[in-house]
Amino acid sequence: MMIKIPKNAASFMLCNAFNKLQGTFTVHSFKTSNFSFSELASQTILTPFHSNPASNRESLLFDHPRSMFEKITNFDDALKLFDEMTQRQPLPSVVKFTQLLQALTKMKHYSCSINLFKQMAAVPAPVNVYTTAIVIKCCCELHYTNQGFAIVAYGLKRGVVPNVCIFNTILNGLILEDRILEAETLFKKLIKGKLCEPDVVMYNTMIKGLCKVGNNDTPIALLRLMDERGCEPNVTTYSTIIDSLCKDKMVDDALKLFNEMILHKGILPNVVTYTSLIHGLCNLGRWEDVSKMLKEMEDKKISPDVLTFSMLVDALCKEGKVDDAKALMNIMVKRGKDPNLVTYNSLIDGYCLRGEMRKAREVFDSMRSRGIIPNVITYNSLLNAYCKNSKIEKAMLLFDEIIEKGLKPNVVTYNTMLHGLYRVGRCKDARELFNEMQAHNRISPDACTYRIVLEGLCNNHQVDEALSLFRLMGENKLDLDIVVYTILIDGASKCGKPEIAKALFNELSIRGLHPNVRTYNVMMGCFCREGLVKEAKELFLQMEEMGCLPDHVTYNVLLQGLLKNEQHDTIEMLLKEMDGQYLSVDASTLSMLLHHVSSGSLDGTLLKLIGKLVPKKGMDAPCFQYRWR
DNA sequence: TTAGGGTTAG
């Protein structure tokens, strides 16, 4: 679609530039009822908005426009008003039409706004840059950004010159649709073609989009570009980048930017900036820095909000400090910040992970009595706890309750249930559920589902079925990753099929997969079980050559293999290596070592070394402590 | 006296 040349020179330049843009973006026609925006754009006989004489002669109906438009709370009222407006002679001003469209858009009736806009075009009613901006936003919100382009073209035909607001809406639309590359190209063209000078809002939009795709360098480059082009960043600009860095665990870089913002730019951080930083610090377990940040907020009289508190509640729960988390929830209530569904879910999950089901249920009941309706995530936590504790009957009752409440189980729900069923050996029920999730609820199994099923089958001595499912996965081109291979190697080995385990291990290099520490541990366990200690030792050397460092499991597996097979020559060396790497012996290795010492097959002088390898108890990891005032 | 971005938690 080419735009024909309009009257004034500025529009002429814009049209040229816009036509060049067409090469980069596909502009689809906007067909709904009987005409499209692309067709509209190519029409020539349209009334320019400024020639409408109605604007200075309003009737009584429109003398109080605010109250009139504030009353529009539903679709029917809007339509009725619109009909009256379009039938008036002369037509109401463009501002009135714009207000009506804006009222609908604020109510999220995007399609309705677009339809009215089309009817306006048919009248034709007056249109200006505000009107088109609103309708373009509607298209973008509906993920029809291409139609937004068509409206820009249509606007140009009517002398509406797109400005920074309109281009920003388009950029935001592309970002909403994850079309970041296209947004970047358009942004560059806007600058190069001097179509508009980006302002802080536009830079923020672009920065948000780039952060969304996991890029941190370009947003920082944009921040520098703002400086070059004389555009002042604001707290949103910095907070967006700070948050992105924190999510990528680059908290120190985020803190540098935070200091730059305050000290060099004189921009005050807000609760969002602090919440992002606190979140990043919590994830890295930097509790002292978290306390510092909270103190700083207090000094600056910035109150933590529900999100700040919820995040801290969640962090405490993940550290196992669930009672502290509950106490923090009481503090937030005292401060007038009501915990919401997310906050309650964290606390319930925290109790569930500790197996404190009575407390979890108490919180569950209290949230409901406060009118907060549990969602599928709430149920998943409870379900997981019941399954992990082999309380499959309770889990099944809960599963029924999810459906009774009209909630839709998700893939996590099914994975949890499958795990639970295999744990108690109910393979047939698991198989039925596996079929049901796909057939009845149209939920596709994910990589996790397959791992659970394969591991479940292996643990229940159904290695052959696991293998055939595994081969089926290969045909479906599902993730045949190293985790899946490791599960099967372990399963085959433990079910007395070491040959299959070895064949699978050898298959890895053909598939281009690299064994990880778990894979090596499992394979070494397989050799040891077979009495092939020499092969296990060789693998131990090989893994280091391949750049895979042994962990405490590796040493324990090898030690047990050596002890079982009465090969004592390398034991002292291994124990010394463990000591050097601060690794511990596990309970069964320890008892075997002690047994061999007492029977005299191991030298008693090793006892001192063994003592150093016993894990120390009772040392609580340092965690978050803060004196709330 | 009509338009755009607004960043933070499970």
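In what follows, chains are A, B, ... by sequence order, proteins preceding strands, each numbered from 1.
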message: Can you see whether N340(A) engages R370(A) through a side-chain donor-acceptor pair at a distance of less than 3.5 angstrom?
response: no

field: Test item: side-chain donor near acceptor, Y626(A) and E298(A), under 3.5 Å
entry: yes

task: Look at all strands and tell whether L307(A) reaches a base, only sugar-phosphate, or nothing, counting heavy atoms closer than 4.0 Å.
output: base

- prompt: Between N204(A) and T237(A), does any side-chain donor sit less than 3.5 Å from a side-chain acceptor?
  reply: yes

- prompt: With sequence neighbours left out, which residue pairs that include part of residues 308-348 of chain A fulfil the ring-ring contact (aromatic ring centres under 6.0 Å, His included) condition?
  reply: F309(A)-W628(A)

message: Students often get this wrong, so: under 4.0 angstrom with heavy atoms, is N283(A) touching a base, only sugar-phosphate, or nothing?
response: nothing

message: With a 4.0 Å limit, can you tell me whether K137(A) has a side-chain N or O closer than that to the phosphate oxygens OP1/OP2 of dG5(B)?
response: yes

field: Point-to-point distance, once rounded to the nearest 0.5 Å, from NZ of K212(A) to CD1 of I207(A)
entry: 15.5 Å

message: Mind checking if V164(A) touches a base, just sugar-phosphate, or nothing, with heavy atoms under 4.0 Å?
response: base

- prompt: Got a sec? Which of residues 244-270 of chain A come in under 4.0 Å of DNA chain B, heavy atoms?
  reply: K247(A), N270(A)

task: Look at the side chain of D314(A) and decide which nucleotide, out of dT1(B), dG10(B), dG5(B), has an atom nearest to it.
output: dG10(B)

- line: Those residues at least two apart in sequence (or on a different chain) that pass ring-ring contact (aromatic ring centres under 6.0 Å, His included) with F258(A) are Y274(A)

- line: Under a 4.0 Å heavy-atom cutoff, the residues of residues 199-209 of chain A touching DNA chain B are D199(A), V201(A), N204(A), T205(A), K208(A)

message: If you go through the side-chain atoms of S276(A), does one of them form a donor-acceptor pair with the base of dT8(B) closer than 3.5 Å?
response: no

- prompt: In terms of side-chain heavy atoms of D243(A), which of dT8(B), dA3(B), dG10(B) is nearest?
  reply: dT8(B)

message: Using a 6.0 Å cut-off, check whether atom NZ of K108(A) has over 12 heavy atoms from anything other than its own residue.
response: no

query: Among dA9(B), dG5(B), dT8(B), which is the nearest nucleotide to the side chain of M311(A)?
result: dA9(B)

message: From the set dT1(B), dG10(B), dT8(B), return the single nucleotide nearest to any side-chain atom of N345(A).
response: dG10(B)

task: Determine the contact category for K212(A): base if any of its heavy atoms lies under 4.0 Å from a base atom, sugar-phosphate if only primed atoms, P, OP1 or OP2 are that close, otherwise nothing.
output: nothing

- prompt: Looking across every strand, which nucleic acid part, if any, lies under 4.0 Å from D305(A) by heavy atom: base, sugar-phosphate, or nothing?
  reply: base

Nucleotide nearest T240(A) when distance is taken to its side chain, options dA3(B), dT7(B), dG4(B): dT7(B)

field: With sequence neighbours excluded, residues passing ring-ring contact (aromatic ring centres under 6.0 Å, His included) with F187(A)
entry: Y203(A)

- prompt: Does the base of dA3(B) carry an N or O that pairs as donor and acceptor with the side chain of N163(A) under 3.5 Å?
  reply: yes

message: Between Q102(A) and dA3(B), is there a contact of a side-chain N or O with OP1 or OP2 at under 4.0 Å?
response: yes

task: Give L341(A) one of three labels, base, sugar-phosphate or nothing, depending on what nucleic acid heavy atoms sit under 4.0 Å from its own.
output: base

ring-ring contact (aromatic ring centres under 6.0 Å, His included) against Y110(A), all qualifying residues, sequence neighbours excluded: none

- prompt: Side chains of T273(A) and N270(A): do they bring a donor and an acceptor to under 3.5 Å?
  reply: yes

